[in-house]
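Working notes, beginning with the structure itself.
Note that the structure is a prediction, hence the values are computed from the model and not measured.
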Amino acid sequence: MDYTAFFNGKLEKLKDEGRYRHFANIERRAGDFPKADLHTPEGTKEIIIWCGNDYLGMGQHPKVLEATKRTLDDCGAGAGGTRNISGTTRYHVDLENELADLHNKEAGLIFTSGYVANEAALSTLGTLLPNCIIYSDSENHASMIQGIRHSNAQKRIFKHNDVEDLRRLLEQDDPSCAKLIAFESVYSMDGDIAPIKEICAVAKEFGALTYIDEVHGVGMYGHKGGGIAQARGLEDDVDIIQGTLGKAFGLIGGYITGSKEIIDFVRSFAPGFIFTTSLTPSVAAGCAASIRHLKSSDSERKIHQKNAAYLKEKFKNAGIPYLQSESHIVPVIIGNAKKCKQVTDTLLNEYQIYVQPINYPTVPVGTERLRLTPSAIHTEEMADQLVAALSEIWQRFGLEFSDTKAVA
């Protein structure tokens with residue numbers, strides 16, 4: 001077999017479809033985010049990032065930087081191994097305690113990423129719970145899908161955010177089987193929010209465990225930043241709350257929280273936890289500092305919501321078509337991979353605005369989009385520049401404006 005020809009053929013197909021992913025060489029500026037430096041063969045230029053997940057700017061916060069630097073000086077760069085061998089430090093224990101308190105749960109368990117947390121927890125639970133059936137929302141993240149697939153458990157896919165369809169599936173199955181309902185709070189590509197209360201009520205009726213992915217909710221919502229479930233007073237109704245440390249908290253890592261028995265079970269049986277080198281102590285310390293700050297400070301959340309509302313209103317007035325939702329995520333639909341790439345290339349090359357195109361397999365073919373994420377440290381001036389740039393590009397490429405465009 002000509003392996004090189006095979007690989008090149010697959011890559012050329014991606015390029016022809018407009019789905020080949022180009023990675024920019026970006027250097028974030030400490031203390032000056034969302035501004036960054038773009039490095040190219042032609043030189044370096046300043047850009048503004050509009051597609052990051054550091055929603056509250058905590059990756060630049062002085063408390064986070066100080067805790068990270070101090071622990072790096074105290075402990076060095078690495079953790080020393082897996083948690084089971086030599087990689088557990090007091091910084092990991094402190095972080096897990098902070099996460100348990102954040103979600104009002106008995107215990108927490110950290111992983112190297114949100115993806116790993118979902119894959120490890122769901123695959124372990126699905127594998128070891130007797131005759132387990134997992135009920136998964138049709139729009140769940142790839143990490144959840146992989147975890148369910150690797151569990152080899154029976155699975156049922158219910159229509160997105162459709163509680164009646166979930167009920168229909170539960171009614172058809174053997175009441176004696178273990179059941180787990182897996183869903184997200186905020187769906188990152190459309191920005192819509194799950195009917196958490198209703199899902200939990202159905203779960204209780206049928207004796208199912210509930211597993212919620214709060215990666216786009218933690219830090220952002222709730223009186224302590226515990227997510228959508230906390231904001232709606234429902235965190236005690238959810239059995240397992242999963243989250244990330246790489247978005248609103250500004251660093252890297254993932255976790256689950258729940259009862260001490262559930263957490264100890266996953267800790268003891270999940271290969272994705274047992275055989276993975278742990279987060280570095282400096283990262284764990286930075287994460288804990290970020291969580292502690294956001295538990296007591298609501299100012300970042302308020303500014304962020306204000307900025308998100310401002311951008312949505314500007315888009316509405318300009319007629320830029322975006323998916324309206326309750327959340328902070330602002331998806332702008334283009335519906336064609338090549339055009340999506342043209343738009344993002346033009347934004348970067350002519351307007352110094354960095355947005356990555358979102359296409360298949362992240363979203364279905366024909367729903368390609370820009371996924372814009374206003375942060376707490378974007379300014380209204382930056383938003384005005386973005387809207388003006390997109391308005392010009394929309395006209396240049398003959399893209400369709402929405403009928404909400406304000407009359408000049």
Side-chain angles (χ1 to χ4, degrees), residues 27-31 33 52-103 105-121 124 143 214-215 218-219 224-227 241-258 260 263-297 300:
E27 183 178 1
R28 286 163 55 113
R29 295 178 179 175
F33 186 77
N53 288 331
D54 190 356
Y55 295 130
L56 302 179
M58 292 305 294
Q60 307 286 330
H61 196 280
K63 290 182 181 178
V64 174
L65 298 181
E66 193 279 331
T68 303
K69 291 176 182 176
R70 183 183 65 247
T71 310
L72 183 64
D73 289 338
D74 290 345
C75 299
T82 66
R83 293 285 299 279
N84 282 11
I85 297 176
S86 61
T88 295
T89 70
R90 72 178 182 90
Y91 301 99
H92 299 95
V93 176
D94 289 346
L95 175 55
E96 288 171 340
N97 289 335
E98 288 288 350
L99 289 165
D101 178 73
L102 174 68
H103 294 293
K105 297 297 183 186
E106 292 180 336
L109 187 68
I110 54 175
F111 297 82
T112 49
S113 72
Y115 188 107
V116 173
N118 271 334
E119 197 282 332
T124 300
S143 58
E214 280 267 26
V215 297
V218 293
K224 292 195 298 184
I241 299 178
Q242 182 267 357
T244 183
L245 302 163
K247 293 182 170 61
F249 294 125
L251 290 102
I252 187 173
Y255 64 89
I256 59 171
T257 62
K260 61 181 185 297
I263 298 306
D264 199 16
F265 180 85
V266 175
R267 182 191 69 85
S268 299
F269 289 102
F273 173 82
I274 295 170
F275 298 105
T276 300
T277 298
S278 61
L279 291 175
T280 64
S282 58
V283 166
C287 291
S290 181
I291 294 166
R292 281 193 294 269
H293 175 79
L294 290 175
K295 281 180 183 178
S296 60
S297 174
E300 291 85 0

>> With side chain to side chain contact (heavy atoms under 4.5 Å, CB included) as the criterion, how do Lys295 and Leu102 come out once you've worked through the C-alpha distance, each side chain's angles and the decisive distance to 0.1 Å?
In response: CA-CA 7 Å; Lys295 281 180 183 178; Leu102 174 68; 3.9 Å; yes

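- Electrostatic pairing of Asp264 and Lys260 does not count as a salt bridge here, judged by no charged N lying under 4.0 Å from a carboxylate O.
- Evaluation of the side chain to side chain donor-acceptor pair (under 3.5 Å) rule for Ser278 yields no partner, not counting sequence neighbours.
- The SG atom of Cys75 sits 7.0 Å away from atom CZ of Arg90, with the distance rounded to the nearest 0.5 Å.
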> Do Phe111 and Ile256 pass the side chain to side chain contact (heavy atoms under 4.5 Å, CB included) test, and can you show the C-alpha distance, the side-chain angles, and the key distance before you say yes or no?
Replying inline: CA-CA 8 Å; Phe111 297 82; Ile256 59 171; 4.0 Å; yes

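- By the 4.0 Å N-to-carboxylate-O rule, Arg70 lies too far from Asp73 to be salt-bridged with it.
- Residue pairs meeting the salt bridge (Lys or Arg N to Asp or Glu O under 4.0 Å) criterion with at least one member in residues 271-293, sequence neighbours excluded: Glu98-Arg292.
- Put simply, CG on Leu95 and CD1 on Ile291 are 5.0 Å apart, with the number rounded to the nearest 0.5 Å.
- Summarising the geometry, atom CE belonging to Met58 is positioned 8.0 Å from atom NZ belonging to Lys63; distances are rounded to the nearest 0.5 Å.
- Electrostatic pairing of Glu96 and Arg267 does not count as a salt bridge here, judged by no charged N lying under 4.0 Å from a carboxylate O.
- A donor-acceptor contact shorter than 3.5 Å links the side chain of Lys224 to the backbone of Asp101.
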> Given the rule in the side chain to side chain contact (heavy atoms under 4.5 Å, CB included) test, do Leu251 and Leu279 qualify, once you have shown the distances and angles that lead to the verdict?
Replying inline: CA-CA 11 Å; Leu251 290 102; Leu279 291 175; over 6 Å; no

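- One finds the SG atom of Cys287 at 4.0 Å from the CG atom of Leu245 (value rounded to the nearest 0.5 Å).
- Residues forming a side chain to side chain donor-acceptor pair (under 3.5 Å) with Thr89 (at least two apart in sequence, or on another chain): His92.
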> Which is it for Ile274 and Thr82 under the side chain to side chain contact (heavy atoms under 4.5 Å, CB included) test, yes or no, and what are the steps along the way?
Replying inline: CA-CA 7 Å; Ile274 295 170; Thr82 66; over 6 Å; no

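- Distance check, rounded to the nearest 0.5 Å: CD of Glu214 to OG1 of Thr244 gives 12.0 Å.
- Under the 30°/60° scheme for interplanar angles, the aromatic rings of His61 and His293 are found to be tilted.
- Between Val64 and Ser290, the closest heavy-atom pair is CG2-CB, 3.7 Å.
- Panel note: side chain Glu119, backbone Ser143; no donor-acceptor pair is recorded below 3.5 Å.
- Asn84 contributes atom CG, which lies 8.0 Å from atom CZ of Phe275 (distance to the nearest 0.5 angstrom).
- When every heavy atom of Phe249 is checked against every heavy atom of Gly225, the shortest pair comes out as CZ-O, 4.3 Å.
- With hydrogens and angles ignored, the 3.5 Å screen pairs no side-chain donor or acceptor of Ser282 with any backbone N or O of Leu72.
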